[in-house]
Each structure stands twice: as C-alpha cells, then as structure tokens.
Amino acid sequence: MGLEQVALRDVIPLRHEVLRPGLSIETCYFEGDEAQTTRHFAWVEAGQIVSVATVMTSPRQIDGEPISFQLRGMATDPRLSGKGIGSQFLQALHTELGSSWWCNAREVAVRFYERNGLIRVGEPFNLPRVGPHYVMVYKKTAGSE
Ligand SMILES: CC(C)(COP(=O)(O)OP(=O)(O)OC[C@H]1O[C@@H](n2cnc3c(N)ncnc32)[C@H](O)[C@@H]1OP(=O)(O)O)[C@@H](O)C(=O)NCCC(=O)NCCS
C-alpha cells in the first residue's frame, strides 16, 4: 500500500469515472499531461489503483511567493471515498514533492484540502462545466512534511 509514480494511462480511468462522468474520454486529458516535468501518481492498495493525482510544473505567484507545481486531477475510487485514502495520499505527496504546490479546488473538496494543510487563496471562480473553484495552496515550511 502506498504512493507510486505511474503512467498517464493509469490515471485516466479514475479521472474519467470521477471527474468527467458521462463525458468523452478526450475530456480526461489535460494540457501538459505529457510534458517531461509532469508526474502522475497513484495510491495503490492490494495492487489496485484507488486514488490518482497529477503534478505539473505550472508556476504561479501566491502572496508574492513563486509556487512551481500544480496538483491536478485528484480522484479517489468512489466505492472507497471517505475512508481516509485521499488524506494518506496527499500526506505522502507532501513528502514526495518536498515543496509548495497549488491547485484549483472544487468547492466540495475545499474542506478535504484544508484538513490536509492547504489554505484558500482569494475569491471563488467558475470553471466551465465543473462549477465553483478556489485556488488553494500548500506552503512548504521548514519543519513541515
Ligand atoms: C476529494 C477526494 C479526492 C477525497 O478522497 P477521499 O479518499 O474520499 O479522502 P478522505 O477519505 O481522506 O476525505 C474525505 C473528504 O473528502 C470530501 N469529499 C469531497 N468530495 C467527495 C465525494 N465525492 N465523496 C466523498 N467525499 C468527498 C468529504 O467531504 C470528506 O471530507 P470530510 O471528512 O471533511 O467530510 C475524493 O472524495 C474525490 O475523488 N472526490 C471527487 C472528485 C474531486 O472533487 N476531486 C478533487 C478535485 S479538486
């Protein structure tokens, strides 16, 4: 059980089922998915991928601090959601990345990210087809995981 770096094709099934249900498979591919600096991660239990997320280089200034990485496409197998898998996965990612990162969080996921050390930045904004989002950031500080 644990964090594994995986191929793009391995994250697509959960992205499709959880994040783009009912939409074509093409909508599951993000710009930058195949960039050399992009890394796809999975949380694996008993040989099964149960949660996925992708980390891309996507620099952004937040409160005057340059943040290089963006987390995208986080999705837990809906049959297993609410059991702490996403939280374990994020804690392992904090360690693996060893640096600050940001994400666009769906409103429903804000509390989940807050419990895992992220903070909200600014006002909500709307993403077409997906709804209200907040920019959130995990700030790596000396002594943090
Ligand atoms: C958000 C998500 C990755 C969390 O994974 P998880 O394995 O369920 O995480 P945990 O069990 O550690 O935490 C569950 C928390 O996620 C929240 N959550 C958000 N969307 C959820 C969903 N569709 N189903 C269940 N819980 C959800 C729950 O409210 C819960 O928070 P709470 O304990 O404060 O009530 C997962 O629920 C998911 O894939 N949600 C749908 C897709 C999504 O919103 N992804 C984030 C895009 S920004």
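Being a predicted model, the structure only gives us computed values, none of them experimental. When a ligand or atom number is given, it counts from 1 through the structure's own listing order.
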Do me a favour and list the nearest non-hydrogen protein atom to atom 34 (O) of ligand 1 with residue, atom name and distance? Arg111 NH2, 2.6 Å
Got the closest protein heavy atom to atom 48 (S) of ligand 1, with its distance? Arg106 N, 3.4 Å
Report the distance from atom CD1 of Ile119 to atom CD of Glu114, rounding to the nearest 0.5 Å. 9.5 Å
Verify, without hydrogens or angle tests, whether His94 (side chain) and Asn116 (backbone) share a donor-acceptor contact under 3.5 angstrom. yes
Numbered atoms and elements of ligand 1 in range of Ser87, under 4.0 angstrom, heavy atoms: 10 (P), 12 (O)
Considering only protein heavy atoms, which is closest to atom 19 (C) of ligand 1, and at what distance to one decimal place? Val108 O, 3.4 Å
Check whether any side-chain N or O of His16 sits under 3.5 Å from a backbone N or O of Leu23 as a donor-acceptor pair, and report yes or no. yes
Per atom 10 (P) of ligand 1, closest listed option by heavy atom (Ser81, Pro78, Ala53, Gly84): Gly84
Distance below 4.0 Å between atom 30 (C) of ligand 1 and any protein heavy atom? yes
Minimum distance, heavy atoms only, to atom 41 (C) of ligand 1: which one of Leu14, Val18, Leu90 is it? Val18
Checking a contact table here: which protein heavy atom is nearest atom 38 (C) of ligand 1, and how many Å away? Thr76 N, 3.9 Å
Tell me whether Ser100 contacts the main-chain N or O of Lys140 through its side chain, where contact means a donor paired with an acceptor under 3.5 Å. yes
Identify the protein heavy atom lying closest to atom 7 (O) of ligand 1, giving its residue, its atom name and the separation to 0.1 Å. Gly86 N, 2.7 Å
Using a strict cut-off of 4.0 Å, indicate which atoms of ligand 1 neighbour a heavy atom of Ala75. 39 (O)
Exercise: identify the closest heavy-atom pair between Arg106 and Leu19: NH2-O, 3.3 Å
Please check this pair: side chain of Asp63 against backbone of Glu65, looking for a donor-acceptor N/O pair closer than 3.5 Å. no
Do any N or O atoms from the side chain of Ser51 and from the backbone of Ala75 form a donor-acceptor pair under 3.5 angstrom? yes
Whether Arg15 side chain and Gly73 backbone form a donor-acceptor pair below 3.5 Å: no
Atom indices of ligand 1, in the order listed, that fall short of 4.0 Å to a heavy atom of Ala105: 48 (S)
Which residue and heavy atom of the protein sit nearest atom 1 (C) of ligand 1, plus the separation: Phe112 CD2, 3.9 Å
Nearest non-hydrogen protein atom to atom 8 (O) of ligand 1, with distance, is Gly82 N, 2.8 Å
With a 4.0 Å cut-off on N to O distance, would you call Arg72 and Glu31 a salt bridge? no
Taking atom 22 (C) of ligand 1 as the reference point, report whether a protein heavy atom occurs under 4.0 Å from it. no
Whether Trp102 side chain and Ser58 backbone form a donor-acceptor pair below 3.5 Å: yes
So if I count the atoms of ligand 1 from 1 in the order they appear, which ones are less than 4.0 Å from some heavy atom of Tyr113? 46 (C), 48 (S)
I need the Thr95 OG1 to Leu90 CG distance, nearest 0.5 Å. 11.0 Å
List ligand 1 atoms under 4.0 Å from Asn104, heavy atoms only on the residue side. 48 (S)
Atom 15 (C) of ligand 1 touched by protein (heavy atom, under 4.0 Å): yes
Return yes or no for this condition: an N or O of Leu19 is under 3.5 Å from an N or O of ligand 1. no
Classify the contact between Arg115 and ligand 1 as side chain, backbone, both or neither, using a heavy-atom distance cut-off of under 4.0 Å. side chain
Does atom 26 (N) of ligand 1 have a protein heavy-atom neighbour under 4.0 Å away? no
Starting from atom 46 (C) of ligand 1, which protein heavy atom do you reach first, and at what distance in Å? Met74 O, 3.5 Å
CG of Asn104 to CG of Leu71, rounded to nearest 0.5 Å, is 10.5 Å
Between His40 (side chain) and Asp33 (backbone), is there a donor-acceptor pair under 3.5 Å? yes
Below a 4.0 angstrom heavy-atom separation, can you tell me which part of Leu80, side chain or backbone, both or neither, approaches ligand 1? neither
